[in-house]
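Here the structure is a predicted model, which means the values were calculated and not measured.
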Amino acid sequence: GGDVTKYLYCRDWINWRKAGIVEFSEFDPMNFTDRQIVHIKNYQSGYDYYGVPDWLSVINDVRLNHEITVFNLANIQNGLSPSLWVHFNVPAPDSQNEQNQILRSIEDRYMGAENAGRVIVSYGESEQKPDITQIQSSVEDGYFSSIFELVQKQIMSGHKIIDGSLIGLPNPGGFTSSADQLETAYKLFMSTSIKPLQNFINRELTPIIELIHPEEKVSLVIEQNQIL
């Protein structure tokens, strides 16, 4: 791509005509008139203009995690997939309102947190006794649990979280205590993930601060919070 000299910002790009667009120039220490922006990003092949998050490689896992929770919530609240088929061996009532009332009566009885699932109601002439069929889910018990656990590990890996104990997740290991495990994981996480990022930010910001304070020697230092 070519060199970027201008940046455009809008708080609502969908309605950009109404919201308006603000133009920024690329940072130039000799430009004293334009509004400017400093764009700091790590180099990544194929992305000439925008930086990408470190966790881009696991974005599908993030989406999957969301979809699993949405599926489970919907299944509990209003039945995402049918679980009960009630067939009345009589002609369907002529009134649509009466059919809806029958459906609501069955749903009120069988739906809910303990009986999650949607009801199918059908009609047809045969024997007088209605047929009630339980529709078994094609998803095996524990399937989502195993997928959810795998997705969690993938997301942590994408965020460079080396141990789930850092964010309150159980992670058994060969430590004499959870405190030892947490301290070891914290030190490793700081040295492999946090400090390299802090050094990168310091390196990029130092020239900017030096322009603001040309008469002073600039040395940026990030003080670490002592959480342990």
Side-chain angles (χ1 to χ4, degrees), residues 1-70 148 150-169 171 181-228:
D3 293 335
V4 175
T5 59
K6 299 289 184 180
Y7 296 91
L8 301 179
Y9 167 78
C10 180
R11 61 181 176 83
D12 184 3
W13 280 106
I14 296 178
N15 303 302
W16 63 271
R17 293 181 184 275
K18 180 179 179 180
I21 296 177
V22 180
E23 181 180 281
F24 292 88
S25 296
E26 182 185 17
F27 176 73
D28 180 359
M30 304 306 295
N31 184 342
F32 300 100
T33 57
D34 296 337
R35 284 183 290 189
Q36 302 174 44
I37 189 169
V38 178
H39 187 196
I40 299 175
K41 71 180 183 72
N42 275 318
Y43 169 79
Q44 183 147 349
S45 177
Y47 294 87
D48 296 326
Y49 301 108
Y50 296 100
V52 296
D54 291 338
W55 50 268
L56 183 65
S57 61
V58 296
I59 191 168
N60 286 333
D61 295 280
V62 174
R63 291 171 176 168
L64 179 57
N65 180 82
H66 172 71
E67 293 299 328
I68 290 175
T69 56
V70 169
F148 192 73
L150 175 62
V151 165
Q152 274 191 337
K153 292 180 179 178
Q154 290 289 94
I155 294 175
M156 286 194 300
S157 175
H159 285 82
K160 300 181 180 179
I161 299 175
I162 58 176
D163 193 309
S165 61
L166 289 171
I167 54 175
L169 295 177
N171 191 13
Q181 178 182 359
L182 183 59
E183 182 177 5
T184 301
Y186 172 75
K187 290 180 179 179
L188 186 57
F189 180 60
M190 287 295 297
S191 62
T192 60
S193 300
I194 300 301
K195 288 184 178 179
L197 178 59
Q198 291 176 339
N199 293 337
F200 169 75
I201 294 174
N202 279 351
R203 185 174 67 250
E204 296 294 322
L205 289 181
T206 295
I208 311 300
I209 306 301
E210 288 176 340
L211 289 172
I212 299 174
H213 303 281
E215 304 299 326
E216 301 180 18
K217 182 178 179 180
V218 176
S219 178
L220 298 181
V221 178
I222 296 178
E223 295 186 359
Q224 311 295 344
N225 291 329
Q226 299 300 319
I227 65 171
L228 296 178

Nearest heavy-atom neighbours spanning [X] and [Y]:
{"X": "Lys41", "Y": "Gly51", "result": "CD-N, 3.3 Å"}
{"X": "Gly20", "Y": "Cys10", "result": "O-SG, 3.2 Å"}
{"X": "Val151", "Y": "Asp61", "result": "CG1-O, 3.2 Å"}
{"X": "Gly164", "Y": "Met156", "result": "CA-SD, 3.6 Å"}
{"X": "Gln36", "Y": "Glu26", "result": "OE1-O, 3.8 Å"}

Quick one: list whatever passes side-chain hydrogen bond (donor to acceptor under 3.5 Å, both in side chains) with [X], sequence neighbours left out.
{"X": "Ser191", "result": "none"}
{"X": "Asp54", "result": "none"}
{"X": "Asp28", "result": "none"}
{"X": "Ser25", "result": "Lys6, Asp34"}

Practice prompt. Any chance you could measure Gln154, atom CD, to Ile59, atom CD1, to the nearest 0.5 Å?
Written response: 14.0 Å
Response to the item:
Here the gap from Ile201 atom CD1 to Leu220 atom CG, rounded to the nearest 0.5 Å, amounts to 10.5 Å
Indicate every side-chain donor-acceptor pair of residues 203-215 with a distance under 3.5 Å to a residue at least two apart or in another chain.
from: Thr206; atom 1: OG1; to: Asn202; atom 2: O; distance (Å): 2.6

Fill in: Heavy-atom donor-acceptor pair, Thr192 side chain to Leu188 backbone, under 3.5 Å
yes
Practice prompt. Taking Asn199 for its side chain and Lys195 for its backbone only, find out whether a donor-acceptor pair lies under 3.5 Å.
Written response: yes
Are any of the side-chain heavy atoms of [X] and [Y] separated by less than 4.5 Å?
{"X": "Val62", "Y": "Ile155", "value": "yes"}
{"X": "Glu23", "Y": "Arg35", "value": "no"}
{"X": "Phe24", "Y": "Leu8", "value": "no"}
{"X": "Thr184", "Y": "Tyr186", "value": "no"}

Discussion item. side-chain contact (heavy atoms from CB on, under 4.5 Å), that's the test. Do Ile40 and Phe200 meet it? Break it down for me.
Written reply: CA-CA 9 Å; Ile40 299 175; Phe200 169 75; 3.5 Å; yes
Practice prompt. Apply side-chain contact (heavy atoms from CB on, under 4.5 Å) to the pair Thr33 and Asn31, showing each step before the final yes or no.
Written response: CA-CA 6 Å; Thr33 57; Asn31 184 342; 3.1 Å; yes
Worksheet item: Can you check side-chain contact (heavy atoms from CB on, under 4.5 Å) on Asp163 and Phe189, steps first, answer last?
Response: CA-CA 8 Å; Asp163 193 309; Phe189 180 60; over 6 Å; no
Worksheet item: Between Lys160 and Ile194, does a side-chain contact (heavy atoms from CB on, under 4.5 Å) hold up when you go through it step by step?
Response: CA-CA 9 Å; Lys160 300 181 180 179; Ile194 300 301; over 6 Å; no
Discussion item. One thing to verify: whether Glu67 and Arg63 come together as a salt bridge, which I'm taking to mean a side-chain N less than 4.0 angstrom from a carboxylate O.
Written reply: no
Practice prompt. With sequence neighbours excluded, tell me which residues meet ring-ring contact (aromatic ring centres under 6.0 Å, His included) with Tyr7.
Written response: His39
